[in-house]
Amino acid sequence: MSMMRELYTQVILDHYQRPRNRGKLEDAELEEHLLNPLCGDEVTVCATFDGDKVADVKFSGRGCSISQASASMMTERLVGKSREEARAQIEGFKAMMIGEREFPETDDLAALKGVIRYPSRIKCATLAWTAFQRGLGIR
Amino acid sequence: MSMMRELYTQVILDHYQRPRNRGKLEDAELEEHLLNPLCGDEVTVCATFDGDKVADVKFSGRGCSISQASASMMTERLVGKSREEARAQIEGFKAMMIGEREFPETDDLAALKGVIRYPSRIKCATLAWTAFQRGLGIR
Amino acid sequence: MYDVDEIRREFPILDRRIGDKRLVYLDNAATSQKPRRVLDALTKYYERHNANIHRGVHRLAEEATAAYEESRAKVARFLGAPGTTGLVFTRGTTESINLVAYAWGRKNLREGDEVLLTEVEHHSNLVPWQLAAQATGARLRFVPIREDGTLDMEEAGRLIGPKTKLVGCIHASNVLATINPVVKLARMAREAGALMLVDGAQSAPHLPVDVEALGCDFFACSGHKMLGPTGVGVLWGRPEILEEMDPFLGGGEMIREVRLDHSTYNDLPYKFEAGTMNIAQAVGLGAAVDYLGELGMENVREHERRLGEYAYGRLSELEGIEIYGPKEERTGLVSFSLPDVHPHDLSQLLDEEGIAIRSGHHCAQPLMRRLGVPATARASFYLYNVEEEVDRLVEALARAREFFRPYAI
Amino acid sequence: MYDVDEIRREFPILDRRIGDKRLVYLDNAATSQKPRRVLDALTKYYERHNANIHRGVHRLAEEATAAYEESRAKVARFLGAPGTTGLVFTRGTTESINLVAYAWGRKNLREGDEVLLTEVEHHSNLVPWQLAAQATGARLRFVPIREDGTLDMEEAGRLIGPKTKLVGCIHASNVLATINPVVKLARMAREAGALMLVDGAQSAPHLPVDVEALGCDFFACSGHKMLGPTGVGVLWGRPEILEEMDPFLGGGEMIREVRLDHSTYNDLPYKFEAGTMNIAQAVGLGAAVDYLGELGMENVREHERRLGEYAYGRLSELEGIEIYGPKEERTGLVSFSLPDVHPHDLSQLLDEEGIAIRSGHHCAQPLMRRLGVPATARASFYLYNVEEEVDRLVEALARAREFFRPYAI
Ligand SMILES: Cc1ncc(COP(=O)(O)O)c(C=O)c1O
Ligand SMILES: Cc1ncc(COP(=O)(O)O)c(C=O)c1O
């Protein structure tokens, strides 16, 4: 199961076990539900804003360890970002997931690097991010 | 071209060259037009009756040597037949053309035997016969 | 004698290795593997006979036409059809059902009419009817399932009535492993004056099928699930009904006479075969049903029944596992959930051990909702699978669970 | 360097004998032969990677999905499409055009609207529009041809107007060997606010094609005519237009979320790929366009142009022959009639000499009527044909005519 350790890194399993920012937000300004048509996994992301800055983000839904861990990591990263920064951040992440950009070594996100080898799982890893992107009005 | 001689027998070429009963009939009681959808050939058969007996048969249309010769031979055979006899005659011929019945050695129709080897041409050989069959109300 | 070792030697892909592990292919409900003789039939067709059919007078065209039409006759015989007139080649079950939903449904359904389906349907026998209902104003109704996954036939009796125009039912479920009482449904449909469509995607590959005995009006199945190539499937329909239907796809071959302003259509089954068909694939499917016929569908069924039973027993040993569908009278597949591990993670861990199973909604989202799960894992067997493969599956599942248990939420 | 001997060695069927004669295959407009590498791609797919795509997490499913999607990218590049979003796999040109006629036509056409086609269309680009017109009340109109078989563009200018919703045109004619001015038609269509559909069944295999440069909105072609397997074709459509269209076939894969009463649909191109697709065939088509790309479509075109010219010249030597279509700017096929011999009899006599040509209406009955003939004979060339084969054709035609002349009516 050594290959497995590359995919299911400690960081992923940790986020899977103790997801950050799981839940819903009353008065969310942004709320977007997204379904992965290929497997039935679904996620809802919501966010409140403080002016242009993301004040709070939460996610809910059900899915595999990859989709849950990735959603959890995303919420940590988006708090405090402007809409523009959030958008850039998401695009950057999606570029990493299709191999068009390097994962920053020092970032926890690098834990998701192993997913690239499994194209069918890339959609799991990007599900919450795409939902947020759509919530920002980008299709 | 020896195989060809088996297909294009003297009898066929003779009927092709000098088709019997080519034309139309005024006051035809039976008239049926049929198209071979696979090649565009078409035939119209018409007949007058004397009581239950076929009084006169004619065919028109355009087609290859096989379809023309076969139509010509058909007209010769149907004159004087009752509807029931005509029907049986046609069914018998179609059975020969799909190899379910022997060709009578002594009959001119045996000239069409070679066609069996070329399934795409069987439709040519049976076109006029099927038209007459339909004219008799059989589908 | 059913010699599974000999059978396995016919399937080149079964020697495939995933990393250093021998492939264990348990995703047969999604698609089956192909025996060498089917691949040989394809190659031979292309290397010796390839031509467009029906319209050519030259030798290759004659040969290709004969091969294609022979396949039609073989498949008709395999399904117990009384002749070839009602046997239409399509791309697969999905196209077959859409053909009916368009060419029969658009013509015959009206507001107030009902199409009765079941809660167990594959999307292929649901979405085409949703589209037809939207276009015509007809209403869809659904036979519910009981706790064990079998159809509630009493409720079916109440639902079938004078408004019912068509009953559509999955013959064998791709999730629950049930074999549905389609003979009974067909009888009820007929009494109500409705037509009966059977989705045979999961039955034709695994059970003896006889469309006459089923008493249905339409039967659909897919070549790729029954040892045949991808890209070919079948719609069998009663000729009298097909005859009255509108055409579906327009184009070459399905016509009789074409004028600029209107056309007349060809005889059955050609009326529904527009354009150049999947000729080589139909020929390949002919070789596949030849092989199935040689093996004997009774034997195939018996082999899979036993293997399914064995798998059900072994999987039941796993603590907390939930297996869907009834305990008895199952086909050779098992859908299940393990607590603590998402089906996706499960199949990924299994893949590392060379074991191919499927996880997801299996194109049956409404059924998933009914079962209260977003997805299940599914191991589905075919005529070449063996008990050792079930053992490898069960062991790998146990290990996967060990791996994930510490992180269970 | 375009080395036709080397190319011929790639095609196993070219060694085929008919009786004691070597096959001369001149029926390429009906379907092309397949190079070994396409057959190998099919076999390799089935022997190593076969699985259902998109929904599986295991290795074979990943590999099969990658192979299928790579093919999509290859075909998109081959056709000059700006990306893969608008590239939908179908069974062939016929299904592609029907897809548009159903999913775009039924939604957008109304009474009073017009669809403008031409007198030269193949039944595949005529019958689907007749059916759509019947369903919607729209009217079909037709650009006539001039004496030499080229489109009457002045008349086209008069026919395109505010009522025109779609212009559909055969790119290269399968009967007349014309290459129609689709760029100009597309411009005229755009100016009138109409969409432009190009039937590329006879252009994609033979000419460099660039859908962007053509300026069309839809482009359809068939794999089997361009070295690919039977059972696969392509519809390319502008993504913005495909996006707004209704779904066509309903089922698995084309959906996003399915509830019993309604569904939402998947992103492009998957929205139009319902059920299990012709996976192996798409992979085979990928190998075919790889090969065409290697040879260079400019070179293929040049080879066929020369061969067509040579054939036109040699055939013209036959006394009384009538050759259809213009003298110049032809593709590599020649349709003709010989006095005294019906085309059927002609191809039969030629078959005895191992020469495969086609005779009939070529799925263009309205054009036959326009030409005033029930049928023509047609010799159609492809990238592996050579001048010696043309010579054999011409000699055999001369002999056939000798045979029949005594019986001429
Ligand atoms: C110009 C043209 N359009 C459409 C078609 C139909 O293609 P297919 O039969 O592959 O669907 C053909 C070939 O038969 C053709 O030559
Ligand atoms: C029960 C059932 N019906 C329909 C289908 C659809 O078959 P296809 O995808 O071959 O069209 C499937 C398989 O996916 C199935 O299992």
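The sequence lines fix the lettering, A, B, ..., with proteins before strands; numbering per chain opens at 1.
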Could you tell me the separation between the [atom1] atom of [X] and the [atom2] atom of [Y], rounded to the nearest 0.5 Å?
X	Y	atom1	atom2	value
C/Leu260	D/Arg141	CG	CZ	12.5 Å
C/Leu42	D/Leu42	CG	CG	7.0 Å
D/Thr94	C/Glu273	OG1	CD	12.0 Å
C/Arg106	D/Arg106	CZ	CZ	9.0 Å
D/His262	C/Leu140	NE2	CG	12.5 Å
C/Gln134	D/Ser263	CD	OG	8.0 Å

Taking side chain as everything from C-beta outward and backbone as N, CA, C, O, which of these in [X] sits under 4.5 Å from a heavy atom of chain C? Side chain, backbone, both or neither.
X	result
D/Asp27	side chain
D/His362	neither
D/Phe142	side chain
D/Glu257	both
D/His224	side chain
D/Pro247	both
D/Tyr25	side chain
D/Ala61	side chain
D/Leu60	side chain
D/Ile279	both
D/Arg259	both
D/Asn28	neither
D/Ser222	neither
D/Met254	side chain

When [options] are compared by non-hydrogen pairs under 4.5 Å with chain C, the top option:
options	value
D/His122, D/Met277, D/Glu95, D/Gln348	D/Glu95
D/Gly92, D/Pro229, D/Gly360	D/Pro229
D/Glu119, D/His344, D/Arg139, D/Gln281	D/Gln281
D/Thr93, D/Val232, D/Ile97, D/Asn52	D/Asn52

**Prompt:** Is D/Arg16 paired with C/Glu47 through a side-chain N to carboxylate O contact shorter than 4.0 Å?
**Reply:** no

Practice prompt. Using a strict 4.0 Å threshold on nitrogen-to-oxygen distance, state whether D/Arg59 and C/Glu352 make a salt bridge.
Written response: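 Salt bridge: yes.
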
For a 4.5 angstrom cut-off between non-hydrogen side-chain atoms, does [X] reach [Y]?
X	Y	answer
D/His49	C/Ile13	no
C/Ser359	D/Val57	yes
D/His123	C/Glu253	no
C/Val127	D/Tyr265	yes
D/Val258	C/Leu126	yes
D/Tyr46	C/Pro12	no

Shortest non-hydrogen separation from [X] to [Y] and the atoms involved:
X	Y	answer
C/Ala356	D/His58	CB-CG, 3.4 Å
C/Ser124	D/Gly252	OG-N, 3.9 Å
D/Gly251	C/Pro128	N-CD, 4.4 Å
D/Asn278	C/Thr230	C-OG1, 3.9 Å

Problem set entry | Greatest number of heavy atom pairs closer than 4.5 Å to chain D - which of C/Phe11, C/Phe248, C/Trp129, C/Tyr45 |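 Maximum pair count with chain D is reached by C/Phe248.
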
- Any idea which of C/Asp15, C/Ile18, C/Asp246 has the most non-hydrogen atom pairs under 4.5 angstrom with chain D?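 Looking at each option in turn, the highest pair count goes to C/Ile18.
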
Chain D contact via [X] - which portion, at a heavy-atom distance below 4.5 Å:
X	result
C/Leu23	side chain
C/Asn125	neither
C/Ile255	side chain
C/Leu350	neither

By residue number, those in residues 29-36 of chain C with heavy atoms under 4.5 Å from heavy atoms of chain D are C/Ala30, C/Thr31, C/Ser32, C/Gln33, C/Lys34, C/Arg36

* C/Tyr102 vs D/Tyr102 aromatic rings, parallel, tilted or perpendicular, using cut-offs 30° and 60°? -> perpendicular

Exercise for the section: Verify the neighbour count for atom NZ of D/Lys21: are there more than 12 heavy atoms of other residues, nucleotides or ligands below 6.0 Å? Expected result: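 Yes, enclosed.
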
